[in-house]
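FYI, side chains are in, hydrogens and waters are out, and symmetry mates aren't considered; it's all heavy atoms of this structure. Computed from a predicted structure; not experimentally measured.
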Amino acid sequence: MRAMRAAGAAAAVLLAAVSLAGCGHDGSPGGPAPAGATAAVPTAPAATGPGPTPSAPPATRATATAPGSARPTADPSTERLLRVTRSGGFAGRTRTLLVNGDGSWTLLGGQDEDLRKGRLAPAELEDLRTALREADFAHLPRTATADPPVYDGFTYSFVHGGFEVAADQTALPPALSRVLAALPGFDSA
């Protein structure tokens with residue numbers, strides 16, 4: 001009986017360690033891939049079917065309750081609008097762009113170091129929101145891979161609205177290309 005308890009406790013500790021190891025910079029599952037990674041992997045348990053992988057929506061902090069409403073409103077500066085990770089390329093670098101609902105953004109390097117920060121202008125933020133709406137993440141393929149593969153190309157992973165989709169640079173659906181065009185970019189300078 002004592003051996004069974006010890007085995008159960010060891011399994012619980014192992015499960016907790018594995019769960020925590022999968023958390024990213026912002027506490028979301030998966031986080032940016034390590035430097036040199038060439039493919040994005042969905043963070044949800046193995047799912048089947050053509051749809052995108054649902055991911056947990058980002059945590060938001062309730063700041064106020066609108067008059068006449070029982071539902072608290074989220075602080076747009078902490079609401080995560082989009083997370084895009086670009087990995088691969090000739091140098092094998094990983095960059096993650098985090099965009100908040102108020103248009104503020106942070107570019108992270110492979111070790112989650114802040115490379116640069118900024119804020120989208122109101123018109124740029126509206127362009128991004130329009131591109132995200134038109135992309136319709138719920139109906140995008142979960143993964144889009146190049147055929148034949150481009151070994152030194154980039155792979156992108158997009159997380160928005162509770163969905164994660166990944167695509168090779170040469171296989172990006174047009175809707176995701178429009179989202180990328182609305183972003184500030186992945187260069188550190």
Side-chain angles (χ1 to χ4, degrees), residues 18-47 51-60 78-101 103-120 124-125 128-129 131-132 135-138 140-146 149-189:
V18 169
S19 296
L20 290 175
C23 290
H25 173 72
D26 61 352
S28 63
T38 58
V41 178
T43 58
T53 302
S55 62
T60 56
T78 60
E79 169 201 357
R80 179 81 67 229
L81 179 62
L82 175 68
R83 182 182 82 207
V84 182
T85 299
R86 182 184 79 174
S87 59
F90 182 72
R93 289 193 176 128
T94 297
R95 301 277 195 258
T96 299
L97 188 61
L98 306 171
V99 182
N100 292 327
S104 62
W105 55 267
T106 303
L107 179 66
L108 302 173
Q111 300 296 320
D112 286 346
E113 73 273 12
D114 289 358
L115 297 177
R116 65 184 178 121
K117 294 180 177 211
R119 183 177 300 273
L120 297 172
E124 293 170 325
L125 181 57
L128 176 59
R129 287 184 183 276
L132 290 168
D136 192 13
F137 275 66
L140 284 172
R142 184 174 11 153
T143 57
T145 56
V150 178
Y151 295 106
D152 288 332
F154 290 115
T155 299
Y156 293 90
S157 173
F158 298 80
V159 177
H160 169 69
F163 295 98
E164 180 170 359
V165 296
D168 291 340
Q169 179 178 7
T170 58
L172 273 174
L176 291 180
S177 293
R178 286 189 292 277
V179 170
L180 278 179
L183 295 173
F186 289 89
D187 296 323
S188 59

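Considering only heavy atoms from C-beta on, S104 stays 4.5 Å or farther from K117 through its side chain. Proximity of L97 to P184: side-chain heavy atoms (C-beta onward) are separated by under 4.5 Å at one or more points. Residues L176 and F137 form a side-chain contact, since some pair of their non-hydrogen atoms from C-beta on lies under 4.5 Å apart. Put simply, the side chain of R86 does not reach to within 4.5 Å of the side chain of T155, judged on heavy atoms.
F186 CZ to T96 OG1: the interatomic distance, rounded to the nearest 0.5 Å, is 8.0 Å. Taken from CG in L172 to CZ in R178, the straight-line distance is 11.5 Å, to the nearest 0.5 Å. Annotation: the span from D187 atom CG to L107 atom CG amounts to 8.5 Å, rounded to 0.5 Å. Here CG of L98 is found 11.0 Å from CH2 of W105. Values are rounded to the nearest 0.5 Å. Between Q111 atom CD and T94 atom OG1 the span is 9.5 Å, to the nearest 0.5 Å. In this structure, the separation between CG on D114 and OG1 on T106 is 5.5 Å, given to the nearest 0.5 Å.
Nearest heavy-atom pair across L140 and A135 is CG-O, 3.4 Å. Here the shortest heavy-atom pairing between R116 and G185 reads NH2-O, 3.3 Å. Scanning all heavy atoms of the two residues, the minimum distance from L108 to D112 falls at CD2-O, 3.8 Å. Minimum interatomic distance between A167 and P173 (heavy atoms only, all atoms of both residues): CB-CD, 4.3 Å.
Among residues two or more places apart in sequence or in another chain, the side chain to side chain contact (heavy atoms under 4.5 Å, CB included) test is passed with D152 by F90. Remark: A182 pairs with L128 by the side chain to side chain contact (heavy atoms under 4.5 Å, CB included) rule, at least two apart or across chains. With sequence neighbours excluded, the residues satisfying side chain to side chain contact (heavy atoms under 4.5 Å, CB included) with T170 are A146, V150. Every residue two or more places apart in sequence or in another chain that forms a side chain to side chain contact (heavy atoms under 4.5 Å, CB included) with L125 is listed here: L81, L120, R129.
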